[in-house]
Number of protein chains: 2
Amino acid sequence: MVRRTRADMEETRATLLATARKVFSERGYANTSMDDLTAQASLTRGALYHHFGDKKGLLVEVVKQIDAEMDQRLQLITNTAKDAWDGFRRRCHAYLEMALEPEIQRIILRDARSVLGGASPDSQHYCVESMRLLIDNLIQQDVVTKTNSQALASLIYGSLAEAAFWIAEGDDGNERLEQGIAALDLLLRGLLVKQ
Amino acid sequence: MVRRTRADMEETRATLLATARKVFSERGYANTSMDDLTAQASLTRGALYHHFGDKKGLLVEVVKQIDAEMDQRLQLITNTAKDAWDGFRRRCHAYLEMALEPEIQRIILRDARSVLGGASPDSQHYCVESMRLLIDNLIQQDVVTKTNSQALASLIYGSLAEAAFWIAEGDDGNERLEQGIAALDLLLRGLLVKQ
DNA sequence: TCTTATTCATACACTGTGTATGTATTATCA
DNA sequence: TGATAATACATACACAGTGTATGAATAAGA
């Protein structure tokens, strides 16, 4: 295979990342061999180890990419809300729906935690951090009762992730999603200063 | 090595389970080789594959054992509470503290989810199921607002697990634990019928 | 154009899983 | 009790997968 321009080379990295997202979300990180993965991208392991160091390094970059995309998508939703509290709630709902997507559920919520570490290890921190900032705002505006925003963000983030698994488990269309959102709203209303 | 009584044989299984709990929680499931594990138990892989089928089978049994123990410990706490709501809250607090224990955090919350599947796959279901029953009671007693108890149990269970990671991350003694419990109580009060 | 740095492929060494096989001990039943 | 079947392990092997070392081809810079 003849390599021409500089762009072709940078494309290699992007191709590997895209293939990894696809294969990881289909078969999972542990069940994916780097031979198969690179073959699907019409490359060899040489390219992969050159660009990412090792298998874990590839996963780290995949997680970073997905996390950044999620954060972007969530920002859009928050920005179009009528007020801070409404934006916060809608962001939670949106996160719950996004967590149903196979790619996010398998790579971010399942494999990344086990392979990369416990509490969102540097990567996948965008989303939690964004939520923490939102909470801080709400506390300053005296909408939400004063509390540690990191603790609260962790609690909410975790609840959404676990609920997403439960929703995805069921095959009853949107029923579980609606029930999840309803239960979530019960929890969230506890945060309000004015009940 | 000469094998004598029937009890000696049943002990083999127990020894392997105990060793697995120890080694899995120290190094993690993926980083543990079955050669090392069995050697630590003064056995060989033959014994392991005979009793548990494969590596994953061993993890399943380990998870079952730990989950049952957790549920037992939590039952004690719930039973000594003054009323149902108090018992529920104390159970949540207790779960949060238990989730800080390295063995539970590493094996149940990290590795088991990735290896065994998304939403607590049959095993590790005791705890969530117990919580669901508690919630159902509270709803029937008109203490908690009517909602889907499975959804709510998932949300709470997930929030506790994620918060536990955040707490364990910090090295500030009990500070994060207390902040976590405070934030949790904010969320939980939203469930009450009478605010 | 010559040199150096990148980019990737190929080949190899090593680790780890799972399975097949063999052996010793225990249970079953005549 | 002795013979047979079943169980409980150990040993040996095949194979897949990771990571590394090496080398070739291309691009970048002087």
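Naming: A, B, ... by sequence-line order, numbering from 1 per chain.
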Between atom CG in Leu37(B) and atom P in dG16(C), what is the gap in whole Å?
12 Å

Non-hydrogen atoms of Ala41(A) and Thr15(A) that approach each other most closely
CB-CG2, 3.9 Å

Rounding to an integer number of Å, can you tell me how far Glu11(B) CD sits from dT7(D) P?
21 Å

Stretch residues 46-55 of chain A: residues that reach within less than 4.0 Å of DNA chain D through a heavy atom:
Tyr49(A), Asp54(A), Lys55(A)

Between C1' of dC14(C) and CG of Asp35(B), the distance in whole Å
13 Å

Calculate, to the nearest 0.5 Å, the distance between atoms CG and OG1 belonging to Asp86(A) and Thr78(A) respectively.
10.0 Å

Establish whether Phe165(A) and Leu160(A) are linked, either directly or via other cluster members, by ILVMFWY side-chain heavy-atom contacts under 4.5 Å.
yes

Using a cut-off of less than 4.0 Å, is there contact between a side-chain N or O of Thr12(A) and OP1 or OP2 of dC8(C)?
yes

With no hydrogens and no angle check, just 3.5 Å: does a side-chain donor-acceptor pair link Ser154(B) and Arg176(A)?
no

Salt bridge check, Arg91(B) against Asp71(B): does any charged N sit closer than 4.0 Å to a carboxylate O?
yes

Take atom CE of Met34(B) and atom P of dT19(C), then tell me their distance rounded to the nearest Å.
12 Å

For Arg132(B), is there an ion pair with Asp136(B) - N to carboxylate O distance below 4.0 angstrom?
yes

On a heavy-atom basis, the closest approach of Leu100(A) and Gln105(A) is CA-NE2, 3.7 Å

Closest to the Arg45(A) side chain, choosing from dT18(D), dC9(D), dT17(C):
dT18(D)

Can you work out whether Thr44(B) or Ser33(A) has the more 5'-proximal nearest nucleotide on DNA chain D?
Thr44(B)

Which pair of heavy atoms, one from Ile107(B) and one from Ile66(B), lies closest together, and at what distance?
CD1-CD1, 3.9 Å

Residue-level proximity of residues 23-32 of chain A to DNA chain D when a heavy atom falls under 4.0 Å
Thr32(A)

Distance, rounded to the nearest Å, where Asp36(A) contributes CG and dA16(D) contributes P:
11 Å

Where Ala94(A) and Leu74(A) come nearest, the two heavy atoms and their spacing:
CB-CD2, 3.8 Å

